[in-house]
Amino acid sequence: MCVIEFSPRIETRRLTLRAPEEGDVARLACLADDRDIARMTTRMPHPYSLADAEEFVARTAAQDPRRENTFVLDHEDEGPIGVLGFFHDADPYPEVGYWIGRPFWGRGFATEAAEGALDWARRRWKKRAVVAGHFTDNPASGRVLSNAGFLYTGEVRTKHSRARGEDTPIRMMVCLL
Ligand SMILES: CC(C)(COP(=O)(O)OP(=O)(O)OC[C@H]1O[C@@H](n2cnc3c(N)ncnc32)[C@H](O)[C@@H]1OP(=O)(O)O)[C@@H](O)C(=O)NCCC(=O)NCCS
């Protein structure tokens, strides 16, 4: 049976994945205001303002948890370090996206968060597959996804990057849960 969890929490070795809150707005706006983060995503604006973070928190609070779930990645010592979310786009399966604040890159946090979120999606959310895509000039995200168990489907889509202001090729991947 599928149990609908409102505001699910996921614990990993160093992180708690939890619903975004009002109190996260200033911190998220500060970390997200980075061109090298926004340009690797389809939807994040650059510059990224307090109002953008407020809109993000409000939008995620209104999500239908059967279809979409967004998590702040809360580090045990550092506090919020990034975001991971499952959302729906063109596929029958949820798509995962994420970003990590620049001071925290290269410490395995994206991989740890993705693995924890996928485990939750399988065991608690009862999903059978998750898709993901990364811009062709973002090999680091390809590593994160490969390490978490994603495989390339061979499909390359073109999606608009808001921060780049242009269409950009995306390599699609899938993970069977
Ligand atoms: C991509 C991103 C999420 C990685 O976060 P992170 O916490 O530093 O990632 P991890 O430490 O878990 O792993 C990074 C992996 O990428 C690899 N990597 C880093 N830079 C790389 C590069 N330029 N080319 C190839 N691989 C690279 C690392 O070696 C590591 O792989 P490994 O464990 O196999 O050695 C982070 O840089 C980020 O937020 N970037 C901007 C937003 C973004 O790209 N979001 C994803 C959109 S699809």
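When a ligand or atom number is given, it counts from 1 through the structure's own listing order.
- Remark: minimum distance from atom 15 (C) of ligand 1 to any protein heavy atom is reached at R143 CB, 3.7 Å.
- At the top of the distance list for atom 45 (N) of ligand 1, counting protein heavy atoms only, stands Y98 O, 2.8 Å.
- Here E112 has no heavy atoms under 4.0 Å from ligand 1, in either its backbone or its side chain.
- In this structure, the separation between OG1 on T12 and CG on D119 is 10.5 Å, given to the nearest 0.5 Å.
- Backbone and side-chain nitrogen or oxygen atoms of I37 are examined, and none is located within less than 3.5 angstrom of a nitrogen or oxygen of ligand 1.
- The nearest heavy-atom contact from the protein to atom 24 (N) of ligand 1 is P139 CG, 3.3 Å.
- Scanning the protein heavy atoms around atom 14 (C) of ligand 1, the nearest turns out to be V144 CG2, 3.9 Å.
- Taking a cut-off of under 4.0 Å to the non-hydrogen atoms of R107, the atoms of ligand 1 that pass are 11 (O).
- For ligand 1, the atoms closer than 4.0 angstrom to any heavy atom of W99 are 39 (O), 42 (C).
- For W99 and Y48, the gap between ring centers reaches or exceeds 6.0 Å.
- Judged by the 6.0 Å and 45° rule, R43 forms a cation-pi pair with F87.
- Where the criterion is an N or O separation shorter than 3.5 Å, residue side chain and backbone included, T111 meets it with respect to ligand 1.
- The shortest contact between atom 5 (O) of ligand 1 and any protein heavy atom is with A110 CB, 3.3 Å.
- Looking at Q63 and T70, their side chains come closer than 4.5 Å, going by heavy atoms from C-beta outward.
- Ligand 1 has at least one atom lying under 4.0 Å from a heavy atom of D36.
- For atom 48 (S) of ligand 1, the protein comes within 4.0 Å by at least one heavy atom.
- With a 4.5 Å cut-off on side-chain heavy atoms, V72 and L28 count as touching.
- Atom CD of E21 has more than 12 neighbouring heavy atoms from other residues, nucleotides or ligands inside a 6.0 Å radius.
- Looking from atom 40 (N) of ligand 1 to the surrounding protein, the closest heavy atom is W105 CZ2, 3.9 Å.
- Residues F71 and F86 have side chains in contact (heavy-atom distance under 4.5 Å, counting atoms from C-beta outward).
- The side-chain tip of R171 points at the ring of Y152 from less than 6.0 angstrom away and within 45° of straight on.
- In this structure, F104 has its ring center at least 6.0 angstrom away from the ring center of H75.
- Each of the following atoms of ligand 1 lies closer than 4.0 Å to a heavy atom of N147: 31 (O), 32 (P), 33 (O), 34 (O).
- Closest to atom 44 (O) of ligand 1 among all protein heavy atoms lies N138 ND2, 2.7 Å.
- Between the choices A140, G142, G101, the shortest heavy-atom distance to atom 19 (C) of ligand 1 belongs to A140.
- The shortest contact between atom 39 (O) of ligand 1 and any protein heavy atom is with I100 N, 2.8 Å.
- With ligand atoms numbered from 1 in the order given, ligand 1 contributes 42 (C), 43 (C), 44 (O), 47 (C) to contacts under 4.0 Å with heavy atoms of M40.
- Among the atoms of G133, none of the N or O lies under 3.5 angstrom from an N or O of ligand 1.
- The pair D167-K159 fails the salt-bridge criterion, with no side-chain N (NZ, NE, NH1 or NH2) lying under 4.0 Å from an Asp/Glu carboxylate O.
- Contact annotation: the side chain of H88 approaches that of P94 to within less than 4.5 Å [non-hydrogen atoms, C-beta and beyond].
- Within the 4.5 Å cutoff, the side chain of V83 has no heavy atoms near those of the L73 side chain.
- Per-atom contact check: atom 35 (O) of ligand 1 does not touch the protein, criterion being a heavy-atom distance below 4.0 Å.
- To the nearest 0.5 Å, atoms NE2 (H134) and OH (Y98) are separated by 8.0 Å.
- Closest heavy-atom approach to atom 1 (C) of ligand 1 within the set S146, G108, S141: this belongs to S141.
- Residue contacts with ligand 1: G106 is included, with a non-hydrogen atom under 4.0 Å away.
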